[in-house]
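Written out below as C-alpha cells is the structure these notes cover.
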Amino acid sequence: MATLDRLGDTVDTAHGIAERSRELWHGRVLATANDASRLCLLACGRDDLSGICQWLTRDLDFSFATLIVEELAQGEWSLVYVFYKGAASPSVHVTLHLGVGASSVPSLVGLVHGPSFDWHEREAEDLFGLRFEGHPRLGEFVLHEDWPEGINPMRRNFNGKERFGPRTREPEWDPQTVVAAVGAFTMPIGPVFSDFAESAHFLLETVGEDVIRTIPRFFYKYRGVEKIAEGQMADRALLLAERFSGIAAFAHGLAFCQAVETICGVSVPPRARALRTALAELERLRSHAAVITGICNSTALVVAASQAALIEESLIRLSCDITGHRYLFGAVALGGVSFDLGDEDCSRLTNRTAEVAERLRDLFHMLRYSSSFLDRLEEVGIVAESYARSYGLVGPIARASGVARDVRKLFPYAAYDSVEFSVSLEHEGDGYARLRVLFEEAAQSAAIIRRVLSLPPAGPVGVGHVPLRAGAALAAVEAPMGAAFHWLRLDGDGSVVRYHVTPPSFANWHGFHIAAENFAFQDFPIILASFGLSNAECDR
Amino acid sequence: MRTTELLCAFFLLCATGGILAFLAPQRRLPLVLAVVGSLAAAVLLVVSGILLVSAAEFHAALWPLLNLGTLKVGVDHLSAFFLFVTALVYLPVSIFSGAYLEKYLNHYSLRHLSALYHALFASIVLVLMANDVISFLVAWEFMSIASYLLVNYEFERPESSRAGYVMLAMSEGGTIAVAIAFILIAVAAGSLDFATMQSSTLGLSGPLRTAIFLLSFFGFAVKAGLVPLNSWLPLAHPVAPTNVSALLSAVIVNLGIYGIVRVNLDLAPTTGAAHGLFVLVVGSISALIGILYATIQTEMKRLLAHSTIENMGIVTAGIGAAMVFVAMGHQVVGAIALIAALYHLANHSVYKALLFLGTGAVEGGTGTRDLDLLGGINRHMPWTSGFFLVGVLSIAALPPFNGFVSEWLTLQTVLRSAELASTPIKIAFAICGALLALTAGLAVTCFVKVFAMGFLGLPRSTGAEKATEAGLGVRAPLAILAALCILLGLLPTYVIPVIDRAAAPLTHARATGALVPPFFVSNTPQQDQLPPAFLSEFHDLGAMVGRGFVPGRGLVVLHRGEERNPVIFAMSTSYMTAGFVFILGAIFVVFRALTRYRRLTRGPTWDGGLRKLTPAVTYTATGFSNPVRVIFDAVLRPAASEESTEAIAGHFRVAIKREYTEVHIIDRFILQPPINALRTLAMLARRMQVGHVNAYAAYVLIAILVVLIVGVSAF
Amino acid sequence: MANWVFKGLRTGIKSSAYPAEHDEACGVSPGRPIGTSLKSPAAVEELVTRCPTQAIEHANGGIAIEYGRCVHCFRCKRGLDDAATWQQGFEWAAFEGESPPEKLARIFGRSLHVRFVDAGACGACMSEARQINNPYYNMHRLGIFTTPTPRNADVLLVAGPISDAMRLPLRKTYDAMPTPKRVVAIGTCAASGGIFSPSFAAAGGVADIIPVDVIVPGCPPPPLAILHGLLLVVEKKPASTLTSLPPRTEHA
C-alpha cells in the first residue's frame, strides 16, 4: 500500500500487470498472466487487498465488475474481485483467500471507485455472513426485516429447498432518515405500485417539491436463484438463468451457456454464433422498445406511448414467429441454439427488424420536436460521468453519461468480433441522453441483425451433446441494459456447485439515487422510466 | 339619555376591573377579568348597538382646556360600528381569558395584565369616541402603550422584548405623523374640534391636502399593519399572550382603518382620485404580500399575523376604491365599496378572533403551535377542530361563510371600475383586482394547509398524539365566534343595511337599495321604485313566488345597474346553503337507499403494502406550501444552505442538514438598506477612534484648519 | 402537437377482435403441448424424462400435461422424432378447484377494476400484463381498467412465485380489497411456484397465501390468455376446455 507509484503505469497487458504487481508488492502478490485469454490473476492477502484494488482502479483506471464469493470446504473462503477495462486490456481477478475461522474482509468502499463495491459487499454480508470492516452501511439489504438474524442462505450448510418455518413475530421496521430540515418528511412509494410496475420500495426524503434523498429498498423479489441452482444439472439450471429475468432471458441464458461451454471446452459452431448474435440483438431491440414505451408513458404522451407499444408488441410477435416464444425462452441451448432458422426466417427477421428500425426513427423524429416531451427529459435525472465511473454503471445508462462500456466490444462473444458496429455514446447523462442512446442502439441492433444474417455461415446450430466436466468460468454478455456477469462452478457430474450472477440492473439501480436526488417529485416516475431497470433482474 | 348612563357604566366597569386587579387575590384574577371584561363588553355591545340602529348620535363635551378648545367625546354611526365590532370581539375574548390566563399563575403576575387589559379596552373605546384632536391623540397614545405593555407581557423572553421594541418604535413614529397631520388640518380649519373640521376643510389646497393624506395614512397604516409598515405584526403576535394576539388582530388593527376612514372620508374628504388609488394599490399589495408570507409559515400565530396583513389589505383596498368612486362622483358605488370594506373588517375581526382563540385552545391541548408538529388532533379535540374549521372556511372566503360575502362584494366592486371614465384608473383597478383574486386563491391554499396539516392526518409529535380537548371556558367563546361567522355569512341582507347607516354619512349616498333591494317585500313604497326590467330579471327564477314570505329583503345580495343592465351581479349565500343542504341530503338519502343491504366496512389507510405507516410519511405544512415557495422564489428569496455529512469519500451521506431563512421582502428592500447604511457609517466613524493622543490632536488641528479656511473664504 | 393526432389517426385501429372472434395473428401465443394417448411407450418415456419441470406425466398410456408446471421450454418439441403435439391458441385460463365460484357477471360485467401485484415475477409476466393495455389488446374496450388503489379493485392479478418479502404486501393488498373480489393468478410461477419453488425464498404459488379463483397458466401467459382469465371472471368466456388429462374417448 505504501509504495504506490503513479508514474509509468501504462501497463496494459496481462503480463505487464502481473509483473508490475509483483514489483509493487515485493512478491507478496501471487500473479499469473495469460495474454492469449486476456486474463491476469492476482492472489493476495487481506492486508494488501485494498492497496491492489486502489492501484487497479485509481492508477490503472480499471472498473470493478463483480465480487465472487465462494465458501470452500472446511469453512474457508475465496473472494474474487473481478476488474475490467478496455477492449485491449485484460480482465484482472484479484483473489483473496480466507483461512479457517476468518470471516472479516476489509471493505473497499473508501476507494476511488468505492461505491461500485458497496452493494456487492452488502449482498455478501447478507447472504454469506461475511463481515466487511469499515463499511458504514451494512445491515438489511437482500434479506428484509422478517428474516431471522444470523442465518445466511448462501452458506453451504443451509438447505435451500426447505421452506423456512412461519415467521409469526411482527418485526420492527423503522427506516433511518438522514435529512434534518424544517418540515422534512418522507414519501413512501411502493412496494405495491398503482400500475403494472415491479415491486420495489422508495423512500423519498423531502421538504416538498424537491427530492433531497432517495432511499431505495429492493430485493422484494429475491427468489434465491443462485441458491436454488446449486445441485441442479446444468441444463436444468439453464431454465433458471433464462427465467429469473424474463425480459433479458436470452442474454442471461446465453451467458450461462457460455460459462458452461468455457468450462467444458466446447467451441460453438459458427452458424450458432451468428444466430445467437441475431437473437441477442432482437432481444435488445425489443427491450429498448419497451423502455422507450415506458418513457413515453411516464411523460403522459399517449400517442407516442401507443406507437412505441405497437412497435414493442410487433417485436414480441416477431420473436414468437421466429423462435416460437414471445420472450425467446428456450432458444439458447448448451453448445448452440435449440433450433435452426431457414433462409426464409432469416430474411423475415432481417426485413421486419429493418422495418421496426424505420418506425423507431420516425418516432424519434417526432419526439425530438415535441417540446412538452423534451421539457420533462432534458436536464432531468442527471448522472455525471464521474458518478457513472465510481458507481461502476453499465449499459445504456453508462453510455449516456459518457462511459463507453460495452461487453460486445470489450470481450466479444458470439459473432460480435466479426460484425462491425460502434458504441453509442452521449455525454449529458440526463434522461434525454439516455433516450437517444436507446434509439441509437435500437437502430444498431437492426443493422447488426442484417449483417449477421445477410450471409450466415452454414453448418450445425449446436454441438449436440455437451460433455460436462468440473471447473469454473466467468462469462460476460452485454444484456439489453448492460453488462451481465455469470460465474459458474460445475461438479464433475455436470451439476452446479455455485452460481453467481451480477446483472446490469444490480449495478445500475445502485446509481439510480444519484439521478433521482435534487429533482422534483413529479420527475421521479420519468427518471425511473428513463433508467428502464428491472427489479426481477436485480433481485434474482 | 340612556346611552349616557350605559357609557358611564362601561367606563365604571373598566375602572372596577383595573382596581380589582390590585385588590383581588391572584388566583381569582382570571375569573374577575372574565366577568368584568365580558360585562363591560356586553354593556358596550348594547350601547353601540342602540347607537348604530337609532337615528340619534351621542355627543358630550367634557372639560375645556386653556386656549385649545373643549375636550369632546361623541359617537356617530361610524364610531358606533367600530365600537360594536370591538365589543363583539371583546366579549368572547374576555370569556376565553378567564380559562386561558390560568397558565400564567405562578409564572407571571396577573395584576398588571388585568389592569392593562381593562385600560386597553377603555382607551380603544376612547379613541373611537374622541371628537377632538387632543382627546384622540391622548387616547391613541394610551392605547399604543397599553398594547405594547401587553405584548411585552412575557418580558423575560428576549424575543418578546425585541418584538415589543419594534412595535413601540413603529407605533410612536406613526403617532407623530398622525399628530402632525391633525395639526395641519386643525390649522387649516382653525379649530381642534372634529365637528368644525368636517364643515371647513373642503377648501384645503392640493399640496397641503396631499401632505395631510400621506402623513395620516403613514401613521394609521402602521397600526393597520399595511405594507411596507407591517414588520411589527408578525413579530408581536407570536410573543403576545393569545388573548392579546386576538385583540391585536381583531381590534387594534381596526383602529388604523378607522383613522384612515375618519380622516380621508370625513374630516378632510379627498377631491381627486390619486389618494384613493394610492390607498387601493397599497391595500392590494399588502393583501398579496400578506398571504404569500402567511402561506409559507408553519407557526400558527405568525401565520395568522401575516394573514391579518392580508385582510387589512383587502379592507384598505375597499376603502381606496370607495375614495376613488366618491371622488369621481360615483357616490353609490363608493358607498358599496365602503360597505364591503367595513363588512370585511367586521368579518375579519370575528374569524380572526376565532382562529386566534382556536390556536390558543390547540396550544393548550398539545403544547405547540407549530403545524409541522401537529396533525391528527381532530380526533382528540373534535369541538375545537369543528369551530376552527368554521374559522378556516370563513377566512378562506368559501361560501356560505362570512369571508366569502365581503370578499365577493369587494372584488365585484373593484370590477365596477368599468363604469369609470378614466382609462389609467381602469387599468389600475384591473391590476388591483387581479392581485386581490390571486390573494383569494392563495388564501385557500394557506388555510387548507392550516387545517389539513394541523388537524387531519397522523400526529407528528407526542404532544399532538396526546392532545386533550379544551374546557368549556375555551369552547364557549369559540362557539360564539363560529356562530357569528355563520350568521354574518348567511344573513348579509340584514347586515348590509346596518353598515350602510355607518357608511352613508361619509359617502353621502345610501347603498341599501342598490345592494339589497327589498324586491320580495310587497306593499312597500320602495317596491314601486324598482324598475320593471329589474324585476323581470328575477321573475323567471320564481322570485314572485317568494313574495310575501321570504324574509330579509329576499336574502339576495346584488349589484344594481342601469336600465340596460338591471342586475350586474347577484349572489345569495342563504339559497346556496339551502341548495347545498338539499343536494347533500338527497345524496345521503339515495346512498342510504342504495346501500341498505350492504355492510359498511372500515379499513386502515392503504399504505402501498408497507409494513406500517409512520408519522414521518405524512405531508408536513412546510412540504405542502413548498410549491408556493418555489413559484414565488423571486419574491421570497430564501437563503438556503445545505450541509451534508458523509461517512466515506463523498458517497455515504449520513446526515443532510437543510436550512431556510426568509427575510421579509419589505425588510429586505425598505428597512434593511437604511439600517445597513447607518451601520456602515457608524463603523467608519469608529475607525477615527484609534486611541492615540497624537491622532486626536491631529483631528483638532484639521478641524481648526477647516474652520479657518472656511472662515477666510467666506469673507 | 397536431402531428401526434395525425400520427395516431393514420395508424388506424390495431385492436384484436378477441373475444368476438378468435385472434389467429402470428405470434400472439407460444402455444403449448397437449396431452395425448397415442404414443409409443418409448416416446412417452422420452418425453417424461426430458421435461425438466415434471409437467409431463404418464397417463392412460400416453402423456398428460400439468399446465401449472409447464414453462414452455420446448424440450418436448425440439430435437425429437416423436415430439409432443403442440397446440396454438391462448384460452388457457381455468377455475381453481372444481366448480366456478358464485356468479359475478351482474356486478362486474361492464366494469372490472384490476389491481396488479408483482410477487416476484420475472419481467416476462410483468411485460405481458402490461401489454393488455397496449393498442393491440386494449383492455379498456372490454370494460377492464386498472385502479391505483386496491380499495377500488374487483380483481387482484398476481404474478410470480410469491417471494417472501412480498407475502405481507400481497396479503395487505388482498385484505384492502372490498368484497366480492376475485384473485387471478397469472403465470406458471403464480400457479405452482414454477421453477423457483419449493425453496427457502418463495412460496409454492399464490394459493399458499390467499385464495385463488382463476389460474392462467403459461410462462408467461400471453396477453390474450390474461384477458381470457379476466373475461372468465365476468363470465364472458368459458374456461379452458383443455384439461390436463387426455379425453377418454380418444383413448378408447
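Just so we're on the same page: letters track the sequence lines, and every chain starts at 1.
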Non-hydrogen atoms of chain A under 4.5 Å away: do they reach the side chain of B:Ala616, the backbone, both or neither? both
So, the part of B:Ser625 with a heavy atom under 4.5 Å from chain A: the answer is neither
For A:Phe185, does its backbone N or O pair with a side-chain atom of B:Thr620 as donor and acceptor, under 3.5 Å? no
Check whether B:Val617 gets within reach of chain A through its side chain, its backbone, both or neither, counting any heavy atom under 4.5 Å. both
Looking only at non-hydrogen atoms, find the nearest pair between B:Asn626 and A:Val207 and report the distance. ND2-O, 3.3 Å
With a sphere of 6.0 Å drawn around CD of A:Glu379, does it hold more than 12 non-hydrogen atoms of other residues, nucleotides or ligands? no
Examine whether an atom of B:Asp607 lies under 4.5 Å from a heavy atom of chain A, and if so say whether it belongs to the side chain, the backbone or both; otherwise answer neither. backbone
Options A:Arg217, A:Glu205, A:Arg213, ranked by heavy-atom pairs under 4.5 Å with chain B, top entry: A:Arg213
So, the part of A:Ala184 with a heavy atom under 4.5 Å from chain B: the answer is backbone
Part of B:Phe624 lying under 4.5 Å from any heavy atom of chain A: neither
Inspect the surroundings of CZ in B:Arg162 and state if more than 12 heavy atoms from other residues, nucleotides or ligands are less than 6.0 Å away. no
Can you tell me which of A:Ala520, A:Pro191, A:Ala181 forms the most heavy-atom pairs within a distance under 4.5 Å of chain B? A:Pro191
